[in-house]
Structures are given as structure tokens and as C-alpha cells.
Amino acid sequence: MAIIRRAQYGLPATSPAAYIAKTRGVKVHYLGTPYSSRPHAQCAAYVRQIRASHLANKTENYSDIAYNHLVCEHGDVFEGRGPHHRTGANGTATLNSQDYAVCALLGSSGLTEPTDAMLHGIRDAIEDLRENGDAGDWIGGHRDGHPTSCPGDPLYAWVQAGAPRPKKNTEEDDMEPVDIWGYRGKLGTKPDPRDAYAYLRDTETRARRIEERLAKAEQLALTDAQVAALADKVAANPTLANRIAELVADKLAARLAD
């Protein structure tokens with residue numbers, strides 16, 4: 001799970017929004033305005049733009065960006081207010097205290113269908129709020145309990161299905177570049193550039209996650225090497241080894257005495 005915390009993309013490290021101990025669960029939102037697909041390098045700037053527009057909204061009088069997390073089409077989760085901060089997005093003070101809010105960067109026109117990477121990201125955001133914000137198991141849409149079309153029909157259908165993580169499509173993962181025009185099963189006679197872009201975008205997301213796993217593996221390998229080197233040094237120095245054994249014995253005796 002990779003969460004881009006506030007300070008990592010240019011926001012103050014801590015949200016000024018009110019503290020909340022726990023929630024019933026999480027509500028899923030979308031932007032509700034036209035939104036176009038964009039390169040991943042532009043997503044952080046767009047989230048900062050949302051925050052600026054919320055702070056400028058004198059009618060709502062937001063103290064910060066309204067959402068607890070936001071998820072882009074590439075699957076990255078941008079921390080908004082974050083865990084243990086009451087949302088400002090659910091419609092009323094009561095609803096804001098009842099559930100957290102996660103917003104998908106989807107529009108009412110333009111980009112309206114969530115990508116698999118985005119759905120994984122929404123699940124990552126929900127799990128972060130459960131692990132670090134004491135969110136309950138309930139998952140719903142903004143329209144649950146409030147008169148709105150949010151989060152849009154495609155995303156709400158996924159929420160109603162239980163918000164499952166997309167299943168891995170082995171055929172898609174093994175697809176050769178020549179097949180990109182048939183991505184998502186659209187095998188019509190006229191190629192659609194949007195299908196090619198979607199294929200390349202999701203491939204980029206998979207590649208980024210593989211790089212993250214490799215980086216973690218390298219860190220673990222380095223740690224193992226350091227531990228082995230330290231063990232060798234201790235073994236070569238009987239005085240040091242005896243002193244460590246004494247300290248461990250003292251610590252164990254003190255714990256048993258407690």
C-alpha cells in the first residue's frame with residue numbers, strides 16, 4: 001500500500017480539520033464536474049488545485065481539502081485530511097461525523113469510468129483509513145444518505161458490488177504491444193486510441209509497483225547483509241559476545257521480575 005502523504009506533494013504535513021476518533025466506514029465520491037484523463041505527473045498539482053478551490057469556498061467554509069484521501073486514475077492515493085480527521089465532503093455535519101470520504105478523480109464527463117488501478121487505489125485508501133483511522137467495515141457512496149448522483153453510476157455500481165479489488169487478467173498481462181487496439185475486448189474494425197492509451201497507462205502502473213517491490217527486496221537484502229556482518233564481528237570478539245549475553249540475561253531477569 002503506497003499512500004502519498006501530504007508533505008510529499010506540497011501540503012502542510014498535518015490537516016487543521018477537526019479530530020475524529022472513529023467512523024462507521026467510508027463513503028466513495030467523484031468530482032462531479034468534467035475531468036479529462038492526464039499524465040500522472042499532473043495529478044498532484046490537480047489535487048492541490050482542488051484544495052485551493054475548497055479553501056476559497058466561503059459558502060462551505062472548509063478548513064482544508066474536503067476529502068480524507070483522493071485517488072487518481074493511475075492508482076496513487078493522495079492523502080487529503082487523512083485518518084482521524086473529520087471529512088467535509090459527505091453533505092451534513094452528521095454525515096461527516098459518520099464516515100470518512102475518499103474521492104476518485106473521475107468526472108461527470110470526460111473520464112467517467114474507473115480504471116483497475118484506480119479501484120485498487122480506492123481499496124488502498126479504505127484500508128489505510130481502517131488501519132490508521134479506525135474506520136469501520138461499511139463502504140458506501142456519497143449518494144447513500146444524501147441527495148446526490150455522486151459517485152456516478154459506474155463507480156457506484158462497483159461500490160454496491162462490495163468494492164472488490166479487480167481480478168488479475170492473465171491474458172491482458174501477457175498481451176503483446178500489437179494487441180493494444182483490442183484492449184478491454186474492443187475488437188471492432190476501427191482502432192480507438194483511447195484503448196491504446198489505457199493499456200499503456202495500466203502497464204505503467206504495473207511497472208511502477210514492480211519497481212517498488214524490487215526496491216523493498218533490495219533493502220531487505222542489505223539489512224540481511226548488515227546483520228550477518230555484525231554477527232561475524234561479535235563471534236570474533238569473545239569479550240563483546242559475553243557482554244551482550246550478560247545484558248540480555250539482565251534484561252530478561254528484569255522483565256520476569258515485573
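At distances below 3.5 Å, not a single donor-acceptor pair connects side-chain atoms of R24 with backbone N or O atoms of W138. At distances below 3.5 Å, at least one donor-acceptor pair connects side-chain atoms of R48 with backbone N or O atoms of Y9. Panel note: side chain N61, backbone K58; no donor-acceptor pair is recorded below 3.5 Å. Of the possible polar contacts, one joining the H54 side chain to the A66 backbone as a donor-acceptor pair under 3.5 Å is found. Under a 3.5 Å cut-off, the side chain of S149 and the backbone N or O of G152 do not form any donor-acceptor pair. A donor-acceptor pair under 3.5 Å is absent between the side-chain atoms of W158 and the main chain of L119, judged by distance alone. Side-chain atoms of Q8 come within 3.5 Å of backbone atoms of R5 as a donor-acceptor pair (strictly under, hydrogens ignored). Side chain of N68 to backbone of G82: a donor-acceptor contact under 3.5 angstrom is found. Looking at T112, its side chain never comes within 3.5 Å of a backbone N or O of S109 through a donor-acceptor pair. Checked by atom type and distance alone, the side chain of R81 never pairs as donor or acceptor with a backbone atom of H69 at under 3.5 Å.
When every heavy atom of R86 is checked against every heavy atom of N96, the shortest pair comes out as CG-O, 3.3 Å. The minimum heavy-atom distance linking A101 with T87 is given by the pair CB-OG1, 3.3 Å.
The number of heavy atoms from other shown groups lying within 6.0 Å of CG (N57) is above 12.
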* Under the salt bridge (charged side-chain N to carboxylate O under 4.0 Å, His left out) rule, what do K167 and D116 come out as? Steps first, then yes or no, please. => CA-CA 9 Å; K167 294 181 179 179; D116 282 357; over 6 Å; no
* To do: Test salt bridge (charged side-chain N to carboxylate O under 4.0 Å, His left out) on D128 and R123 and set out the steps.
  => CA-CA 9 Å; D128 179 65; R123 287 296 320 199; over 6 Å; no
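Both Y30 and Y46 sit in one connected hydrophobic cluster of ILVMFWY residues. Membership requires side-chain heavy atoms under 4.5 Å apart, directly or through other members. Residues V102 and Y62 do not share a hydrophobic cluster, clusters being chains of Ile/Leu/Val/Met/Phe/Trp/Tyr side chains in contact below 4.5 Å.
Sorted by first and then second residue, the salt bridge (charged side-chain N to carboxylate O under 4.0 Å, His left out) pairs with a member in residues 27-37 form an empty list; sequence neighbours excluded.
Ion pairing of E79 with R6 is absent here, as no side-chain N (NZ or NE/NH1/NH2) approaches a carboxylate O to less than 4.0 Å.
A donor atom on one side chain and an acceptor atom on the other are found under 3.5 Å apart for H40 and D76. A donor-acceptor contact closer than 3.5 angstrom links the side chains of D64 and S15. Donor-acceptor pairing under 3.5 Å is lacking for the side chains of Q98 and T23.
Residues I50 and L31 form a side-chain contact, since some pair of their non-hydrogen atoms from C-beta on lies under 4.5 Å apart. Using a 4.5 Å cut-off on side-chain heavy atoms (C-beta onward), I126 and I139 make contact. Annotation: side chain of V47 is not in contact with side chain of I4 (no heavy-atom distance under 4.5 Å). A 4.5 Å side-chain heavy-atom check between E73 and Y35 finds at least one atom pair inside the cut-off.
Note: H29 and Y67 have perpendicular aromatic rings, judged against thresholds of 30 and 60 degrees for the angle between ring planes. Classification of the H84-Y19 ring pair by plane angle, with boundaries at 30° and 60°, yields parallel.
You'll find the ring centres of Y100 and H85 outside the 6.0 Å limit.
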